[in-house]
Every structure is written in structure tokens, then in C-alpha cells.
Trainee: 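My questions all concern the structure below.
Below, read A as the first sequence line, B as the second, and so on, with proteins coming before strands; counting in each chain starts at 1.
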Amino acid sequence: MREWTPWKTLDILQPFSEQSLSETLNGGQAFRWNYSKKDEYWLGVWGQNVARLRLTEKDCIQFSHPIDHLGCETELARYLRAKFDWDLAINNLPWRSDPHLEAAISAFTGLRILKQPFGEAVLCFLCSATKQIPQIKVMCERMALRFGNELTAGIHALPTWNQLATASETELRELGLGFRAKNIKKTADILAQHPELLDQIEASPYAEAKQRLVELPGVGEKIADCALLFGAAKLEAFPVDTWIIKVLENRYDLQAWTPSQLAQFGRIHYGAYAGFAQQFVFSYERATAVTQRSKK
DNA sequence: AGGCAGGTGGCCA
DNA sequence: TGGCCACCTGCC
């Protein structure tokens with residue numbers, strides 16, 4: 001068992017709350033964070049990094065990482081987008097004329113969009129098709145254990161696409177990936193053949209990046225938008241999933257709109273930070289649904 | 001016990 | 001274009 005560094009406060013422009021930290025790490029953006037009630041910290045993995053996170057009573061965010069992992073603090077600041085001005089982004093959202101958005105923003109103060117490694121975001125959201133968050137997490141965990149590097153005692157990184165290309169579809173199915181296994185295998189083969197492809201896509205403007213991403217097997221509009229929003233910091237990406245369809249139909253009275261029309265509405269109504277707005281109303285809707293379910 | 005879950009692609013009109 | 005359906009698996 002290797003040692004962990006003492007807790008240190010991360011230099012961050014705007015604070016989290018317990019709730020917004022939880023929602024950011026474990027609300028459907030990322031799938032590799034778990035909270036230990038006993039130890040009172042979050043443990044997470046991204047890229048070849050592992051860290052523990054916790055909030056102090058004053059909402060300072062503190063981190064710890066394996067002692068031998070130099071550079072983790074820099075990577076963490078990048079991952080959490082510590083220096084990005086999220087309040088300015090909120091200022092540019094249309095909450096002044098949109099009571100539902102305003103309520104969602106108020107309910108999730110401190111929520112932000114992660115900058116995950118792009119390839120990992122593509123992989124995780126390829127797993128997400130018709131799955132709920134706990135199940136997506138299980139799939140990611142199994143892929144990491146089977147094909148990813150061990151970072152510290154018992155904790156594995158997600159496999160790189162090159163590592164995945166060595167797996168057979170059968171091996172992937174054995175991890176419980178179901179029909180997603182075929183898409184992941186085919187995508188892995190393509191990315192192994194074209195090592196620069198993901199970097200090129202990430203560096204492209206949003207529209208072009210999306211156009212090129214949906215050429216990958218199993219990547220449709222929704223998964224492409226998730227990967228670009230959570231893995232490439234393209235905040236104009238607006239994933240339209242079943243939750244957002246519900247929100248727009250019920251809260252914005254847009255019944256009878258097709259998903260593609262709803263996507264267009266979202267981009268126009270919410271603007272340049274549509275994906276950030278999406279995350280607020282997504283979280284708000286899920287919180288409401290969970291409350292209603294537990295009342296029964 | 002059967003339907004459904006943060007979808008996608010293929011096939012039909 | 002637009003609607004329908006199969007596709008794995010697990011959970012209610």
C-alpha cells in the first residue's frame with residue numbers, strides 16, 4: 001500500500017458545495033468517482049490520475065494523491081477547470097427570462113462541467129446507451145480492472161483506446177457491455193489505426209468535431225455531444241437525452257416537438273453555454289424524479 | 001413477469 | 001425525413 005500525500009487546499013476560483021461537488025463528480029458527467037462515507041472523501045480516477053477530494057467546513061476543496069504521483073495537482077486543476085469563471089458563464093445564460101433555468105441554477109450552486117480526457121469521455125458515453133449511471137459505472141470499472149493500468153493498490157485507470165484494441169468483442173461482452181461491445185471494439189480498431197484522430201477532433205470547432213465524431217460506430221448525436229461537452233470543454237454542445245426531452249416538453253411546454261427540433265431550441269434558447277445550462281436542468285429534473293420516487 | 005433504462009443504426013414508406 | 005425496431009443486461 002503506497003502512501004498518500006497530506007490534504008492540501010486546491011486553488012479554485014469559485015467554490016463547490018457538498019451537493020454541487022457530488023453532482024459534478026457523480027451526476028452523470030463522469031463515472032469513476034465514489035464517496036466513502038466512512039472516510040468522508042471522494043475517490044476518483046481520470047486519465048492516469050487518482051485523487052481523493054473533500055470539502056472543509058468553509059467549502060474549501062482539498063485533495064490528496066499517491067505520493068509518487070507528481071503533477072497530480074496540475075491535472076486536477078485542469079480536470080475541475082479550477083480557473084474557469086463559472087459565474088461569468090452563468091451570467092451569460094438566459095435565467096433572467098427563464099424561471100425554470102433560474103430555479104435549477106439556484107438549486108445547484110457551484111455545479112460545473114468537467115474537462116475529462118477526451119478519449120475517456122468517448123468511451124464512457126459509448127457505454128451509456130440505455131443505461132443508468134450505476135450500471136455505466138460498473139461497466140467502466142470492469143473495463144478498467146481488466147484492461148487498464150494499475151495506478152495504485154487496486155485502483156486502475158480506464159483502458160486507453162490502444163489497450164482496448166487488444167481486446168476481442170467476446171472479451172468485452174464478458175464484462176457485461178452487451179451490444180455496446182461491438183461498437184467499442186470497432187471504434188477501438190479505428191482509433192488504433194488513426195492515432196491522431198481524437199486529438200484532431202478535439203482541436204476542431206464544435207460543429208466540425210461533432211460531424212467527425214458521429215462517424216465512429218455507436219456514436220450518434222447524443223453521445224457525440226456528451227463527449228464534446230464533458231471531454232473537450234465545448235460548452236455549446238447540447239446533448240438531447242430522455243431527461244432533457246422530458247424537461248423541454250413539460251417545463252417549457254414543447255410537446256409534439258421532435259428531438260432534433262428540441263436540440264435546435266436548446267442551442268438557440270440557452271446560447272453559447274447551452275451544455276452548461278443543460279447540466280443544471282438535467283440535475284434539477286433528476287433530483288425531482290428521485291424525490292418523487294422515494295415518496296412512494 | 002415484462003417493461004424500461006442519459007441511444008444508435010438499419011430498414012421501411 | 002420520419003417512424004419503428006432490434007440490440008445486451010440488470011433492475012424494479
Trainee: Whole Å only: how far is the NZ atom of K246(A) from the P atom of dA5(B)?
Mentor: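 The answer, rounded to whole Å, is 8 Å.
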Trainee: Say we look at dC7(C) and dA1(B): how far apart would their P atoms be, to the nearest angstrom?
Mentor: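 Per the computed distance, 23 Å lies between those P atoms.
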Trainee: Figure out the CH2/P separation between W257(A) and dG2(C), and round it to whole Å.
Mentor: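 So the two atoms are 14 Å apart, to the nearest Å.
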Trainee: What does the B/S/- profile of nucleotides 6-13 of chain B look like, 5' to 3', with a 4.0 Å heavy-atom cutoff to protein?
Mentor: BBSS----
Trainee: Any chance you could lay out the ring-ring contact (aromatic ring centres under 6.0 Å, His included) test for F280(A) and F276(A), step after step, and finish with the verdict?
Mentor: CA-CA 7 Å; F280(A) 279 110; F276(A) 189 32; 4.9 Å; yes
Trainee: Is the distance between the ring centroids of F238(A) and Y270(A) less than 6.0 Å?
Mentor: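 Yes, they do, as the ring centres are separated by less than 6.0 Å.
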Trainee: How many angstroms lie between atom NZ of K210(A) and atom CD1 of I223(A), to the nearest 0.5 angstrom?
Mentor: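 So the NZ of K210(A) and the CD1 of I223(A) are separated by 12.0 Å.
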Trainee: Under 4.0 Å, counting only non-hydrogen atoms across every strand here, what does R173(A) touch: a base, just sugar-phosphate, or nothing?
Mentor: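 Sugar-phosphate contact only - R173(A) comes under 4.0 Å of backbone atoms but never of a base.
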Trainee: When you look at CD of E221(A), are more than 12 heavy atoms from neighbouring residues, nucleotides or ligands closer to it than 6.0 Å?
Mentor: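 No.
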Trainee: Which dot-bracket string describes DNA chain C (Watson-Crick N1-N3 plus N6-O4 or O6-N4, or G-U N1-O2 and O6-N3, all under 3.5 Å; [ ] crossing; | other strand)?
Mentor: |||||||.||||
Trainee: What is the distance, rounded to the nearest whole Å, between atom NZ of K182(A) and atom C1' of dC7(C)?
Mentor: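 Rounding to the nearest Å, NZ of K182(A) and C1' of dC7(C) are 9 Å apart.
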Trainee: For dC11(B) versus dC8(C), give the span between their P atoms, rounded off to a whole number of Å.
Mentor: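 Here dC11(B) and dC8(C) have their P atoms 16 Å from each other.
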Trainee: Can you tell me how far the CG atom of D98(A) sits from the CG atom of L93(A), to the nearest 0.5 Å?
Mentor: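 Going from the CG atom of D98(A) to the CG atom of L93(A) covers 9.5 Å.
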Trainee: Determine the Euclidean distance between corresponding P atoms of dG2(C) and dG6(B); express it in Å to zero decimal places.
Mentor: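 That atom pair is separated by 26 Å.
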Trainee: Using a strict 4.0 Å threshold on nitrogen-to-oxygen distance, state whether E120(A) and R32(A) make a salt bridge.
Mentor: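 No, E120(A) and R32(A) are not salt-bridged.
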Trainee: Under 6.0 Å between the ring centres of H156(A) and F147(A)?
Mentor: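 H156(A) vs F147(A): aromatic centres not under 6.0 Å.
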Trainee: Just how far, in rounded Å, is C1' of dA5(B) from NZ of K137(A)?
Mentor: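 These atoms are roughly 17 Å apart.
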Trainee: Can you tell me how far C1' of dT9(C) sits from CD of E174(A), to the nearest Å?
Mentor: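 That distance rounds to 15 Å.
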Trainee: May I ask you to check whether F31(A) and F125(A) place their ring centres under 6.0 Å from each other?
Mentor: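 Yes; F31(A) has its ring centre under 6.0 Å from that of F125(A).
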Trainee: Among I113(A), N92(A), L228(A), which one satisfies side chain to side chain contact (heavy atoms under 4.5 Å, CB included) with L235(A)?
Mentor: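 Among I113(A), N92(A), L228(A), the one that satisfies the side chain to side chain contact (heavy atoms under 4.5 Å, CB included) with L235(A) is I113(A).
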